[in-house]
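Here the structure is a predicted model, which means the values were calculated and not measured. Residue indices begin at 1 and follow the sequence shown.
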Amino acid sequence: RYFDRITISGTSYSGTSSTQSPNGLYVAAGSSFTWYTDGSVTGGGFNICSGGTSSRAPTGAPAVAGYFQVTRSYPSSTTCYTTSSGTCVTDGSGNTGNNERC
């Protein structure tokens, strides 16, 4: 496929339409995601933040903001990093590079 891709808890999202986006997705504590760019066109990247409670959260889900931990970042440790005291993760400002991963 020819788009950047993010996989969250085993479900992949890729493409250009809002239906191909995980926007507003509830992710349980302890879940993981991987992100990578393809080897073609570069563009703006991502900023993912925890939002605390959600109307999509299962009954009984904790009402606290989560914290992110970056476990791998390629090609450098600055490809992906946390911001806002760990409540957000980003690939930074500007365009992404080809074949980046975190």
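- Note on F33: it does not cluster hydrophobically with Y36, by side-chain heavy-atom contacts below 4.5 Å among ILVMFWY residues.
- Between the side chain of S14 and the main chain of D4, a donor-acceptor pair closer than 3.5 Å is present.
- Here the side chain of T79 pairs no donor or acceptor atom with the backbone of S73 at under 3.5 angstrom.
- Partners of T34 by side-chain contact (heavy atoms from CB on, under 4.5 Å), not counting sequence neighbours, listed by chain and number: T7.
- When the side chains of ILVMFWY residues are joined at heavy-atom separations under 4.5 Å, either directly or via intervening members, I6 and Y81 end up in two distinct hydrophobic clusters.
- Grouping the Ile, Leu, Val, Met, Phe, Trp and Tyr side chains by contacts below 4.5 angstrom, directly or via other members, places I48 with V70.
- Residue W35 forms a side-chain contact (heavy atoms from CB on, under 4.5 Å) with just one option from R101, E100, R5, and that option is E100.
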